[in-house]
Amino acid sequence: MITINCSPEVDISRVHEALSDIRKDAMSGWVDLPCRVNMEELSRIKSAADKIIDESEVLVCIGIGGSYLGHRAIIEALRPASNIEIVYAGNSLSRRELDRAIAQVGDRDFSINIISKSGTTLEPAIAFETFKKLLFEKYGASEAAKRIYATTDAAHGALHDEAVKNGYTRFIVPDNIGGRYSVLTPVGLLPLAVAGVDIDALLAGAAEEATSFSDAMKHDPRTSAAVNYAYMRYTLGNKGYDTEVFASFEPATAYFNEWLKQLFGESEGKGQQGVLPTSVIYSTDLHSLGQFMQDGRRNLWETIIDYPTDDLNAKVVAAVKKAHPLGGIPVLVLGVPSYDERGFGQLVYFFEIACALSARLYGVNPFDQPGVEAYKTELKKLLA
C-alpha cells in the first residue's frame with residue numbers, strides 16, 4: 001500500500017461526509033471500479049491488443065487531456081518490452097507536432113486508437129482526420145476500417161456514429177467516469193495492453209489500494225494514507241501554502257507528474273479554491289530549481305513520490321528529505337512499495353481518491369471543469 005509520513009488532525013465525520021458526496025455524484029463510477037472489473041470487456045481489450053500487435057508496427061494513439069495522459073504516464077514510466085511503438089497525436093494544435101507524429105510512423109504498418117467521448121474536440125479530431133486519410137490511402141477503405149479502434153460514448157456523438165457506420169472496433173468511455181479518472185477503463189487499458197503493460201497486475205494493484213481505503217473508512221479513516229494526504233493538502237492550503245510541488249527522482253515519471261497536474265488542477269481549481277499543482281524531477285531540477293526550493297518564497301510545499309530506487313539515487317532522496325524542511329517548507333513523503341504495474345495501479349487509485357476527497361474538503365465539485373468549457377466557447381467564436 002501507499003504510505004505517508006504524516007498524521008494530521010482528521011475530522012472523521014467530515015471525511016465520511018465528503019466520501020458520501022463523492023459516491024452520490026453521477027461521475028463516481030471509478031470509485032469501486034478496480035474491485036468490479038468486467039472480465040468480458042477485459043478479454044475484448046486483450047484480444048484487440050493482440051490483433052494490433054500482430055498486424056501493426058505502430059499504434060497511433062489520438063486523444064487529449066485525460067484521454068491520453070494517464071496511460072502515457074504509465075507506459076513511459078515502465079517502458080515495457082514491446083514490438084510495437086506507441087505514437088501520440090491530437091494533444092495539441094501544433095502543425096510541427098503533427099508532422100513529427102506522421103514522420104514517426106513513416107512507411108510502417110499502423111493502426112489507430114482514437115479516444116474521444118464526443119469526437120468533436122478539435123485537437124484529436126484534426127489528428128484523426130489526418131491519420132485516417134493516411135490509413136485509407138495505405139490500405140483501402142475496407143482494410144483501413146479494421147485498423148481503427150474507437151474508444152468513445154456508448155450511444156451518442158460524432159465518433160460513435162462514425163464508428164457504427166464504418167464498423168470500427170468500439171470500446172466504451174463510461175458515462176459515469178470523467179477523463180482524468182479514466183486510466184483504469186478502456187481509455188487507458190487498450191493502449192497499455194498494446195504497449196506490453198501487464199494490465200491484470202495494474203488492476204490488481206488498484207484493487208488492493210481500493211480495498212485498503214474501503215477497510216480504513218469502515219474502521220478508522222485516520223489509518224488511510226489517502227485520507228491523511230487529502231487532509232494535509234486541505235490543512236496546508238488553509239495556512240497559505242498555495243502551491244504543491246510533486247517531486248520525483250525518476251526521470252521516466254515526468255508524464256506521471258503531468259497526469260497529477262491535470263488530475264488536481266482540473267478537479268480542485270475552481271471557485272477561487274484549490275492548490276496550484278506543479279512538479280520537478282530530481283536530481284536534475286536540484287541544479288535549476290533547487291535554490292528556489294531551499295530559499296525562495298515559502299508559499300509552497302513538496303510532495304515527494306518516493307519510488308524504490310538504486311542506492312545512489314536513494315542518497316539524493318535522503319538528502320532532500322533533510323535539507324528542504326530546513327529551508328522552511330513542509331515535505332510530505334509518499335512511499336511506493338514497488339516500481340512496477342502493481343505499484344502504479346496503487347498510485348493511480350490512491351491519487352484519484354485523495355484528489356476527490358481534497359476537492360470536497362475545499363467545497364468544490366471534483367468532476368466538472370467549467371473553466372475548460374469557457375475556453376472552448378471562446379475558441380469556437382474565433383474559429384467561426
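In this chain, numbering begins with 1 at the start of the sequence shown. Quantities reported herein were computed from a predicted structural model and do not represent experimental measurements.
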Enumerate donor-acceptor pairs with a distance under 3.5 Å from any side-chain N or O in residues 313-333 to protein atoms, sequence neighbours excluded.
{"unit_1": "Asn313", "atom_1": "ND2", "unit_2": "Phe249", "atom_2": "O", "d": "2.7"}
{"unit_1": "Asn313", "atom_1": "ND2", "unit_2": "Thr309", "atom_2": "OG1", "d": "3.1"}
{"unit_1": "Lys321", "atom_1": "NZ", "unit_2": "Asp306", "atom_2": "OD2", "d": "2.9"}
{"unit_1": "His324", "atom_1": "ND1", "unit_2": "Glu302", "atom_2": "OE1", "d": "2.7"}
{"unit_1": "His324", "atom_1": "ND1", "unit_2": "Glu302", "atom_2": "OE2", "d": "3.2"}

With rounding to the nearest 0.5 Å, note down the distance linking NZ in Lys261 to OH in Tyr255. 10.0 Å
Within a reach of under 6.0 Å around NE2 of His156, are more than 12 heavy atoms found that belong to other residues, nucleotides or ligands? no
Does the distance from a Lys or Arg side-chain N to an Asp or Glu carboxylate O, for Asp32 and Arg23, drop under 4.0 Å? yes
Considering residues at least two apart in sequence or located in another chain, which fulfil the salt bridge (charged side-chain N to carboxylate O under 4.0 Å, His left out) criterion with Glu85? Arg108
Check whether Phe171 forms a cation-pi arrangement with Arg44 (NZ or CZ under 6.0 Å from the six-membered ring centre, at most 45° off the ring normal). yes
Heavy-atom neighbours of Arg14 CZ exceed 12 at 6.0 Å: yes
Is there a continuous path of hydrophobic side-chain contacts, each under 4.5 Å between heavy atoms, that joins Leu379 to Val372? yes
State plainly whether one hydrophobic cluster holds both Leu263 and Leu276, where clusters connect Ile, Leu, Val, Met, Phe, Trp and Tyr through side-chain heavy atoms under 4.5 angstrom apart. no
Can you tell me how far apart CG (Leu189) and CG (Leu203) are? Round to the nearest 0.5 Å. 5.5 Å
For a salt bridge (charged side-chain N to carboxylate O under 4.0 Å, His left out) check, start with the C-alpha distance between Lys138 and Glu143, then their side-chain angles and the critical distance, and finish with the verdict. CA-CA 9 Å; Lys138 188 177 181 69; Glu143 178 63 24; over 6 Å; no
Trp30 vs Ser28, side chain to side chain donor-acceptor pair (under 3.5 Å): CA-CA, chis, key distance, verdict: CA-CA 5 Å; Trp30 56 273; Ser28 64; over 6 Å; no
Could you check whether any side-chain heavy atom of Pro366 comes within less than 4.5 Å of a side-chain heavy atom of Met27, counting everything from C-beta outward? no
Checking salt bridge (charged side-chain N to carboxylate O under 4.0 Å, His left out) for the pair Arg222/Asp11: CA distance, chi angles, key distance, verdict? CA-CA 9 Å; Arg222 292 169 297 186; Asp11 184 335; over 6 Å; no
I would like to know whether Asn113 and Thr151 meet side chain to side chain donor-acceptor pair (under 3.5 Å); could you show each step before the answer? CA-CA 7 Å; Asn113 180 204; Thr151 308; 3.2 Å; yes
The test is side chain to side chain donor-acceptor pair (under 3.5 Å); show your working for Tyr181 and Ser267 and say whether it passes. CA-CA 10 Å; Tyr181 292 88; Ser267 296; 3.0 Å; yes
Are Thr120 and Ser118 linked by a side-chain donor-acceptor pair shorter than 3.5 Å? yes
Ring pair (Phe, Tyr, Trp, His ring centres under 6.0 Å) for Tyr229 and Phe350? Distances and angles first, verdict last. CA-CA 10 Å; Tyr229 174 58; Phe350 170 88; 5.7 Å; yes
Using only atom types and a distance under 3.5 Å, with no angle test, would you say the side chain of Ser47 pairs donor to acceptor with the backbone of Ser43? yes
Distance col, row Lys376:NZ vs Leu383:CG, nearest 0.5 angstrom, shows 13.0 Å
Sub-3.5 Å donor-acceptor pair from the side chain of Asp198 to the main-chain atoms of Asp200, do we have one? yes
With a 6.0 Å cut-off (strictly less than), is the heavy-atom count around CG of Asn238, excluding the residue itself, greater than 12? yes
What I want to find out is whether Arg297 reaches Asp242 closely enough, with some N-O distance under 4.0 Å, to be called a salt bridge. no
Quick one: is the NZ or CZ of Lys239 closer than 6.0 Å to the six-membered ring centre of Tyr241, and within 45° of its axis? no
Can you pull out every side-chain hydrogen bond (donor to acceptor under 3.5 Å, both in side chains) where at least one residue sits in residues 342-354? Sequence neighbours excluded, please. Glu208-Arg342, Glu208-Gln346
Minimum heavy-atom distance between Pro186 and Pro191, given as atom pair plus value: O-CD, 4.1 Å
List the steps and the verdict of salt bridge (charged side-chain N to carboxylate O under 4.0 Å, His left out) for Arg100 and Glu97. CA-CA 5 Å; Arg100 285 192 188 101; Glu97 286 303 304; 2.3 Å; yes
Can you check whether Ile86's main-chain N or O pairs, donor with acceptor, with Arg72's side chain at less than 3.5 Å? no
What ring-ring contact (aromatic ring centres under 6.0 Å, His included) pairs are there with at least one residue in residues 257-281, not counting sequence neighbours? Phe246-Phe264, Phe256-Trp259
Distance from Asp340 atom CG to Leu78 atom CG, nearest 0.5 Å? 7.5 Å
Who pairs with Glu57 by side-chain hydrogen bond (donor to acceptor under 3.5 Å, both in side chains), at least two apart in sequence or on another chain? none
Under 6.0 Å from the CG atom of Asp107, do we count more than 12 heavy atoms belonging to anything else shown? no
Distance (rounded to the nearest 0.5 Å) between Phe351 CZ and Thr303 OG1: 7.5 Å
How long is the straight-line distance from CD1 of Ile115 back to CD1 of Ile62, given to the nearest 0.5 Å? 9.0 Å
Could you tell me whether the side chains of Ser358 and Glu268 share a donor-acceptor contact shorter than 3.5 Å? yes
Can you see which heavy atom on Gly237 is nearest to which on Tyr362, and at what distance? CA-OH, 3.2 Å
Distance-only, no hydrogens or angles: does the Lys146 side chain make a donor-acceptor pair with backbone N or O of Gly167 under 3.5 Å? no
For Tyr168 and Glu162, does a side-chain donor sit closer than 3.5 Å to a side-chain acceptor? yes
Do Arg147 and Ser56 pass the side chain to side chain donor-acceptor pair (under 3.5 Å) test, and can you show the C-alpha distance, the side-chain angles, and the key distance before you say yes or no? CA-CA 9 Å; Arg147 290 173 172 267; Ser56 297; 3.0 Å; yes
Is there a salt bridge (charged side-chain N to carboxylate O under 4.0 Å, His left out) between Arg95 and Asp99 once you walk through the steps? CA-CA 6 Å; Arg95 180 71 222 188; Asp99 286 343; 2.8 Å; yes
Closer than 4.0 angstrom, basic N to acidic O: yes or no for Glu41 and Lys46? no
Quick one: do Lys133 and Glu129 make a salt bridge, cutoff under 4.0 Å? no
Any donor-acceptor N or O pair under 3.5 Å, side chains Asp109, Tyr139: yes
Measure across Ala26 and Asn176 and return the closest heavy-atom pair with its distance rounded to 0.1 Å. O-CB, 3.1 Å
List in chain and number order the residues that pass ring-ring contact (aromatic ring centres under 6.0 Å, His included) with Phe292, two or more places apart in sequence or in another chain; answer none if no residue qualifies. none
Check the surroundings of atom CD in Glu137: do more than 12 heavy atoms from other residues, nucleotides or ligands lie under 6.0 Å from it? yes
If you draw a 6.0 Å radius around NE2 in His219, do more than 12 non-hydrogen atoms from other residues or ligands fall strictly inside? no
Check whether Ile75 and Ile84 end up in the same hydrophobic cluster, where Ile, Leu, Val, Met, Phe, Trp and Tyr are linked by side-chain heavy atoms less than 4.5 Å apart. yes
Using a 6.0 Å cut-off, check whether atom CZ of Arg36 has over 12 heavy atoms from anything other than its own residue. yes
